[in-house]
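Structure first, then comments.
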Protein chains: 2
Amino acid sequence: MSRFKPTIEDVARAAGVSRATASRVVNNAPGASGPLRDRVHAAVAELGYRPNEVARALASGRPRAVDVVAVTYGPGIGWLGTHPYFSRVLAGMMPVLEGAGAQLRLHSVSRDTGCGGTGDGNTGGREAAAAAIDEIAANATLGAVLADVTPDLATRFLRRCRRTVSMVPTSSAVPGMEADNVGGAYAAVHELYRLGRRRIAAIHGPEFNPCAIDRRTGYRRAVAELGLGEHSADGGFHREGGYASARTLLDQDPGIDAMFVACDLMAAGAVQAITASGRRVPQDVSVIGFDDSIAAVCTNPPLTTMRLPVEEMAAAAARLLLEGTPAAGYRQRFPVDLVVRASSGHGQ
Amino acid sequence: MSRFKPTIEDVARAAGVSRATASRVVNNAPGASGPLRDRVHAAVAELGYRPNEVARALASGRPRAVDVVAVTYGPGIGWLGTHPYFSRVLAGMMPVLEGAGAQLRLHSVSRDTGCGGTGDGNTGGREAAAAAIDEIAANATLGAVLADVTPDLATRFLRRCRRTVSMVPTSSAVPGMEADNVGGAYAAVHELYRLGRRRIAAIHGPEFNPCAIDRRTGYRRAVAELGLGEHSADGGFHREGGYASARTLLDQDPGIDAMFVACDLMAAGAVQAITASGRRVPQDVSVIGFDDSIAAVCTNPPLTTMRLPVEEMAAAAARLLLEGTPAAGYRQRFPVDLVVRASSGHGQ
DNA sequence: TCTTCGCCTGAGAGCGCTCTCAGGTCTAAC
DNA sequence: GTTAGACCTGAGAGCGCTCTCAGGCGAAGA
């Protein structure tokens, strides 16, 4: 097989037409027809021609690529490799993008170090993150989806790239897909209450994460309304944190009979910690997670959880970007529903 | 903030130099120096100039982008959103690519339907997949990593794009990162044997998956050498399949005292099925998984598993691509090591 | 002082494609 | 027969950047 890559010039020559006509046919644009179309198609087939996307992008000024920016934090490589959230975003967008002939470019920015690397240094971390965000925004083309991001970074991104949509709540003008995190957490606590639980602890995500903040708010609101005490710890949105927090919580107050855990990964850790302490889930301690990610069904018992429709949100974000520049402050809301499995139990 | 995007022309004008000089400075190329460098840098800073990657790619003929192709199969959206494998590949490559200023483009091809969509139709599935592969290969630039792929598709890809590396074993000339899947499975069975288990069943991955084939081979070899019987089922590399297979296996032969499960996700399902059957893990049935993915530590008890160094493999693949075109048939081998957790037990 | 060499620098030619615009053809209506 | 209108077609000008090449200039050697 020859390594020769035919250009549209070659196609045009082979078909005996001009470059413009060949382009029209290849792009299925109107204004060329009948015999010429056939000749061009034949030439394309014969030469094995494929348009060069890069040239096409440059010439048309609108490259067909959506940038997905995952702002990660946490130990090691960040969440990208372990937290199911990101794959769900990708999986949700992929079919939409592919259907539109758009590419998906993935970027990761570590909130702490700028680059999506393994570094843990804090020296100039914020500036590095900001610089990385600028860099990506400057080259974002069809648009960008901020998979997880802090409001300041989101605002900064929007300044360079209007065609942006955030997957997490940001207070700013950044268009976003917004799940009812507050309501979900609120509903989880109420469900636990309904099951007869009265000492409902919470394991939250990191305090700078917008989703974590909302879920915490929902928990607090519910607990306050129900006249219950507040017991909570920060589990950092990773399993290890969930384990450690559950332990701490149980040590502090052995009477805890339920836990609302702000993500399934942490909930998996919490279930392990509860079990390790000699308690049973759900008989002794009822657990409700959040996300309905793959982690929820891997635990034993499987997790009752609040389903975050990540795939749907991601698909909607992709569609929004494909359509054009979303209006500043645009919001699309998604419900967060209870999915009952075994970890919450059946009540007394 | 103005929406004006300065070009290198603007920078050159502002600095009072030619476009060529501005380009040299921006690219840190030799042949420009002293005062001019400073002037250009000043202009860049003042205008907030960012090189347009698309134009740069077209002009230089070497776009800095690596394409990651995930060939998925299975129900629904495929594995992309649920199987931890893909995120690990991404997470492993990201730091390397970012360090080299390269972008990461993600593609998914469904083995069954071509597009990475949700379809389940088989009509023309293979041809669609092949067409999608061709399309991606034609535009692959810096190179491509085949995250999971069947040998036929890999070969086809290589035909259009020499700069390719596979993450799974392919018998063809495709350069690849090769983990010792056979040895890992073999070692797992031996470990189970060492623990005193004599009825060691296996839950395999889909028979067309190269990794699954190798792991099956390792299992068979070990079982044959140890003079044990073979009991196995296909779990399709997803949790549900693991659950169903474990159930079936246990029904067929209630005396099974150990299971080698070819991926952690399936193992999570298997553990649930074993528990549901009234047996204990590891006391009654010892379980060893494969991968050491996040799923391994979410289960209860946590899984003893064979660690597949996916991140390292992915990073190595990225480095290989960055370096140039790997030789046909190039192989880099990775060990698969036992990670002992609770699901295998301590022996009698 | 003249030549040689080396180092800067800028002009200009593309990379492969899109898209506008002017010209050309053909049909139909006057 | 003439003309307006609709529809094709191709020439050519870029998109923003890279990179080659030749000219210019100063230092060093003859």
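The model shown is predicted, which means the values in this text are computed figures rather than measured ones. First the proteins, then the strands, lettered A, B, ... as listed; each starts at 1. Hydrogens, waters and symmetry mates are skipped; everything else that's a heavy atom, side chains included, is used.
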Axis-to-axis angle across the helix from C/dT1-D/dA30 to C/dC30-D/dG1, five pairs an end, to 10 degrees?
50°
Contacts table for residues 314-331 of chain A: side-chain donor-acceptor under 3.5 angstrom, sequence neighbours left out:
residue: A/Y330; atom: OH; partner: A/Q332; partner atom: OE1; Å: 3.1
residue: A/R331; atom: NE; partner: A/E178; partner atom: OE2; Å: 2.7
residue: A/R331; atom: NH1; partner: A/V174; partner atom: O; Å: 2.8
residue: A/R331; atom: NH2; partner: A/T170; partner atom: O; Å: 2.7

If I take atom [atom1] in residue [X] and atom [atom2] in nucleotide [N], what distance separates them, rounded to the nearest angstrom?
{"X": "B/K5", "N": "D/dC15", "atom1": "NZ", "atom2": "P", "answer": "15 Å"}
{"X": "A/E9", "N": "C/dG14", "atom1": "CD", "atom2": "P", "answer": "12 Å"}
{"X": "A/D10", "N": "C/dC15", "atom1": "CG", "atom2": "P", "answer": "11 Å"}
{"X": "B/R24", "N": "D/dG16", "atom1": "CZ", "atom2": "P", "answer": "21 Å"}
{"X": "A/I8", "N": "C/dC15", "atom1": "CD1", "atom2": "P", "answer": "15 Å"}
{"X": "B/N52", "N": "D/dC17", "atom1": "CG", "atom2": "C1'", "answer": "8 Å"}
{"X": "B/L58", "N": "C/dG16", "atom1": "CG", "atom2": "P", "answer": "7 Å"}
{"X": "A/E53", "N": "C/dC17", "atom1": "CD", "atom2": "C1'", "answer": "10 Å"}

With a 4.0 Å cutoff (strictly under), does any side-chain N or O of [X] reach OP1 or OP2 of [N]?
{"X": "B/N27", "N": "D/dT18", "value": "yes"}
{"X": "A/S23", "N": "C/dT18", "value": "yes"}
{"X": "B/R56", "N": "D/dT18", "value": "yes"}
{"X": "A/T21", "N": "D/dT9", "value": "no"}

Counting C-beta onward and ignoring hydrogens, is there a side-chain heavy-atom pair between A/L104 and A/V66 closer than 4.5 Å?
no
Are B/V26 and B/P51 close enough that some pair of their side-chain heavy atoms sits under 4.5 Å apart?
yes
Nearest non-hydrogen partners of A/H41 and A/V25, listed with the distance:
NE2-CG1, 3.6 Å
Apply side-chain hydrogen bond (donor to acceptor under 3.5 Å, both in side chains) to A/R56 and list each qualifying residue two or more places apart in sequence or on a separate chain.
A/N27, A/E53
What residues in residues 11-19 of chain B put a non-hydrogen atom under 4.0 Å from any atom of DNA chain C?
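Going residue by residue through residues 11-19 of chain B, the ones with a heavy atom under 4.0 Å of DNA chain C turn out to be B/V17, B/S18, B/R19.
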List in chain and number order the residues that pass salt bridge (Lys or Arg N to Asp or Glu O under 4.0 Å) with B/R24, two or more places apart in sequence or in another chain; answer none if no residue qualifies.
none
Non-neighbouring partners of A/R39 that pass salt bridge (Lys or Arg N to Asp or Glu O under 4.0 Å), sequence neighbours left out
none
Main-chain N/O of A/R19 paired with A/S23 side-chain donor or acceptor, under 3.5 Å:
no
B/T21 side chain to B/V17 main-chain N or O, any donor-acceptor pair under 3.5 Å?
no
